[in-house]
Chemist: 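What follows is a single structure, and I will ask about it in a moment.
Residue numbers start from 1 in every chain, and the chains themselves are labelled A, B, ... in the order their sequence lines are given, proteins ahead of strands.
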Amino acid sequence: MHVHLRTRGTDIDYRFIGDTPKAFWWSEYKRRGLTDHEKPVIVVESDGAGWRIYLHGAESRRRDNRTTPITFSIVLASGAPEHGDRDDAADREFAFRLINLWLEAVSEPSGRSTVAERLDEVLPAITVDHWLASGVDPESARAAEKAVRMAFSSGLSEPEPPIAVSTSEPPYRRWLGDLSDEKSRETFVAHVRELLDGRQGKALILTFVQAPDDPVVADLAAAETGDLALLAARRGRTPVEGMHPLGKAEPVLPADGKDLRSRRPRPMGRKRLPLVALAVVILLVGLIAWLMLTGTGNATPLPALSAAATTITSCPTSKISPDMTPGEQPERPTSDPRAHRPWSCSASTAAAR
Amino acid sequence: MTTDQVAFKIGLLGPSRVGKTSLVTAMLSEAQRMLAGSGVAMVAADTATEVVIDGNREALQGDLLSGEFLHGSLLGTVEPTYFKLALDPGVPDARIDIELLDFPGGWIKPKDRVGVEDQWEKCRKFIAASTILLVPVDASLLMETTEKEHLRLLPQFLTTVQVEQVARDWAIERNRRPEEPALVAFCPVKGEAYFNDNGGIKNRSVLLRQRFDTVYAGVVQAVRAEAPKATILYAPVDTIGCVELVRADWTKSSTGIWGFDAKYRVRGKAEISRMGVDDLMTAIAQQLIYGKRLAGAQESDDLRALANRAAEYAERSEGFFRDIWLWVNRERQARRTAAAQHDREAREALHRVLALDAVLEKIAAQRFGPRVSRL
């Protein structure tokens, strides 16, 4: 798992400490009029094999040189499973716990949040100033990641509040609720757990949305495949009551990356059957005619067989990239194993006569 | 030249915490009222802009209700924000789309944009391509810095060296397009305490102007040298109005980092009373409508030429038998219909240009307030 921390120092403006993500993929949601990533938000995306998370808005005790409050952003992205990732389960648990605490802070913005307290504990002003002054520096990036992990690892001095997760099956796979509604938040958390565990979909807090019938929500539902757990969070809204189902989902890709639709052959259309039968008859007649005209009575030797063995090596299972924008869709797998992940697989082919 | 589909760009240039977002909020909050007399309206053109501006206004209102105004209540900008606006000059089909970029002020300093160079490059290009450049100036920093050791810090806090460089790039680009309008407006903000025309007691506006002239001389000269035709305005703006500076201190942290802390209190009724925004909006509207008028005039000329060609083609004689044939197969009538359509479009375009001229005349008749001066 990759952890990026963004904050500002006393006299250095906002930036990621040590290492900047290659793309600010979360800002696409602002462009689409869905959420303001400079307000307290949670953005979780999963393509079934990998996930990425953007969290923003925890307010530090630190102040800049104009006494302005300073905020934190944290960006998490799942690691590459082909590297073993023994800590994958631990990473998921870490991310889950962090999102829960963040949701608590976002839903109750008044007062100091646990996330901010914990981050401030491990990130004193002098340390942050030093890291930011280092510029692009892997050491600072590692140190910041370590600090974030430490802040939200279990066994800290402060007891954690119990995580409220809906235990029952969510009533909808694609829905919109309200950030102020406890049941919606619990279901949101349950969805986040499933996304981290490999379901495809998105869990988003939408600061520009106030009602299920906002056109941007319909656009999002139409454009996105997989699960959708959305919490309306526009300021001054009338809270959305209950959970509202959104449009039908495309078939969800399971974690093995195979499209369910590709597993069973599509029934042939009735209109095509006579054409196919006619083509077969013509081919047979042609073959018989050719044999009668050219046949010598001797059997034609069969051509030598070519056997091709294809080996797939170092093929990552995640199709989601930390740099993909939300508009980009991971490529659909096909029945050809080499076509599953053409962007990063290396294949070797050996032919034998 | 700009077309109907292309948005005019407005660039904001200033250091972190100078008040860029506050200035944008003030402009958009007051746009409707300020431009009402001219028949021109400015509105947010997308939900994001509308919600962000509403949020900023609510934060300011909250400060006022609490009785103490901290300029820090608006959190700093973390990433570039593109505000989408629309200026309606009251002329059919002449809506002017505007894009305004607000970016983390620290990025103006090379050491603060490490890791985000590509994003800064986009911001820089946007600013260079902007028709209008707004430069917010921190009036409290200018006025409350008197000690020598603090005066030395002003270029660092106001980033005047970097502002000069970016402003110069903008001016060079503007000079390459002499047919397009160009406006740079220096807007002292957080200066409610230095004017007595909006609830303040003392008038220290002359001193403010002197300090500005001294500290920003390089920036003004750079623009004047590189874009002699550009309009340069000095336009102080009260983004809140009903606040008074209580205390301003330069402090040094234990690690040796200097800071400037200004405390404000709410004065009189806790009601926002913006001043100077109308002048700024008038100047902006004038430039943009002028730009639209130029684009419209070009379009009108093109459409008139097209209409003339279509009319000539419709009536052209192609020989006795061919003319009969064109009449029989109704081709002649089709050509005449097309020519009439082109003529209608050309006349509509000309009408738009004339209507925009009328709006410009009306705006030009509005005089700037005493705070504003041309540089």
Chemist: Tell me, for Arg31(A) versus chain B, whether the close heavy atoms (under 4.5 Å) come from the side chain, the backbone, both or neither.
Modeler: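 Neither part; nothing is under 4.5 Å.
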Chemist: Using side chain to side chain contact (heavy atoms under 4.5 Å, CB included) as the criterion, list what pairs up with Arg235(A), not counting sequence neighbours.
Modeler: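 In terms of side chain to side chain contact (heavy atoms under 4.5 Å, CB included), with neighbours along the sequence ignored, Arg235(A) is linked to Glu58(B).
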Chemist: Under a 4.5 Å heavy-atom cut-off, does chain B meet the side chain of Asp214(A), its backbone, both or neither?
Modeler: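 When you check distances to chain B, no heavy atom of Asp214(A) falls under 4.5 Å.
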Chemist: With the side chain counted from C-beta on, respond yes when Trp258(B) and Asp11(A) share a heavy-atom pair under 4.5 Å apart, and no when they do not.
Modeler: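 With C-beta onward as the side chain, the pair stays apart.
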Chemist: Consider only side-chain N and O atoms of Arg66(A) and Ser16(B), and report whether a donor and an acceptor are under 3.5 Å apart.
Modeler: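 Looking only at side-chain atoms, Ser16(B) and Arg66(A) do not form any donor-acceptor pair under 3.5 Å.
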Chemist: Between Glu79(B) and Arg15(A), does any side-chain N to carboxylate O distance fall below 4.0 Å?
Modeler: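 No.
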Chemist: Side chain, backbone, both or neither: which part of Asp19(A) has an atom under 4.5 Å from a heavy atom of chain B?
Modeler: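 Nothing of Asp19(A), per the 4.5 Å heavy-atom cut-off to chain B.
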Chemist: For the NE2 atom on His130(A), are there more than 12 heavy atoms of other groups (residues, nucleotides or ligands in this structure) within a distance under 6.0 Å?
Modeler: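 Not buried by this count: 12 neighbours or fewer within 6.0 Å.
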Chemist: For atom CD1 of Ile126(A), is the number of surrounding heavy atoms from other residues, nucleotides or ligands below 6.0 Å larger than 12?
Modeler: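 Atom CD1 in Ile126(A) is not crowded, with 12 or fewer foreign heavy atoms closer than 6.0 Å.
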Chemist: Select one option (side chain, backbone, both, neither) describing which atoms of Phe16(A) are under 4.5 Å from chain B's heavy atoms.
Modeler: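 Interface part for Phe16(A): neither.
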Chemist: Measure Arg8(A) against the heavy atoms of chain B and call it side chain, backbone, both or neither at under 4.5 Å.
Modeler: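 For Arg8(A), the side chain is the part near chain B, not the backbone.
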Chemist: Any heavy-atom pair between the side chains of Val52(B) and Asp36(A) that's under 4.5 Å?
Modeler: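 Side chain of Asp36(A) against side chain of Val52(B), heavy atoms only: contact under 4.5 Å found.
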Chemist: Check for a donor-acceptor pair, side chain of Asp112(B) on one end and backbone N or O of Ile12(A) on the other, with a separation under 3.5 Å.
Modeler: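 Answer holds: no.
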Chemist: To the nearest 0.5 angstrom, please state how far the CG atom of Leu132(A) sits from the NZ atom of Lys111(B).
Modeler: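 One gets 9.5 Å once the value is rounded to the nearest 0.5 Å.
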Chemist: Between Val51(B) and Thr207(A), is a side-chain contact (heavy atoms from CB on, under 4.5 Å) present by the stated rule, with each step listed?
Modeler: CA-CA 8 Å; Val51(B) 176; Thr207(A) 64; 5.7 Å; no
Chemist: Mind checking what makes side chain to side chain contact (heavy atoms under 4.5 Å, CB included) contact with Thr77(B), not counting sequence neighbours?
Modeler: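 By the side chain to side chain contact (heavy atoms under 4.5 Å, CB included) rule, Thr77(B) matches Glu38(A), Thr21(B), Thr81(B), Asp102(B), Pro104(B).
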Chemist: Select all residues of residues 138-148 of chain A having any heavy atom within less than 4.5 Å of some heavy atom of chain B, and report them by number, or 'none'.
Modeler: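 Against chain B, none of the residues of residues 138-148 of chain A fall inside the cut-off of heavy atoms under 4.5 Å.
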Chemist: Is any side-chain heavy atom of Asn65(A) less than 4.5 Å from a side-chain heavy atom of Phe157(B)?
Modeler: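 Yes, at least one pair of side-chain atoms sits under 4.5 Å.
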Chemist: Could you list the residues that satisfy side chain to side chain contact (heavy atoms under 4.5 Å, CB included) with Ser184(A), not counting sequence neighbours?
Modeler: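 Side chain to side chain contact (heavy atoms under 4.5 Å, CB included) list for Ser184(A), sorted by chain: Trp175(A), Asp181(A), Leu231(A), Met243(A).
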Chemist: Between Tyr14(A) and Gly76(B), what is the shortest heavy-atom contact and its length?
Modeler: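 Scanning both residues completely, I find the closest heavy atoms to be CE1-O, 4.2 Å.
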Chemist: Looking at Gly259(B), Ser253(B), Pro80(B), Ser254(B), which makes the most heavy-atom pairs under 4.5 Å with chain A?
Modeler: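 Between Gly259(B), Ser253(B), Pro80(B), Ser254(B), the count favours Gly259(B).
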Chemist: Check each atom of Lys109(B) against the heavy atoms of chain A and say whether the ones under 4.5 Å are side chain, backbone, both or neither.
Modeler: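 Side chain only.
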Chemist: Chain A: which of Val116(B), Asp138(B), Thr251(B), Asp54(B) shares the most heavy-atom pairs with it under 4.5 Å?
Modeler: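 Heavy-atom pair counts peak at Asp138(B).
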Chemist: Contact part of Thr35(A) toward chain B, heavy-atom cut-off under 4.5 Å: side chain, backbone, both or neither?
Modeler: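 For Thr35(A), neither part sits under 4.5 Å from chain B.
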Chemist: Run the side-chain contact (heavy atoms from CB on, under 4.5 Å) check on Lys30(A) and Tyr82(B) step by step: do they pass?
Modeler: CA-CA 10 Å; Lys30(A) 189 169 189 176; Tyr82(B) 293 87; over 6 Å; no
Chemist: Would one find more than 12 heavy atoms of other residues, nucleotides or ligands at under 6.0 Å from atom CD of Glu117(B)?
Modeler: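 Yes.
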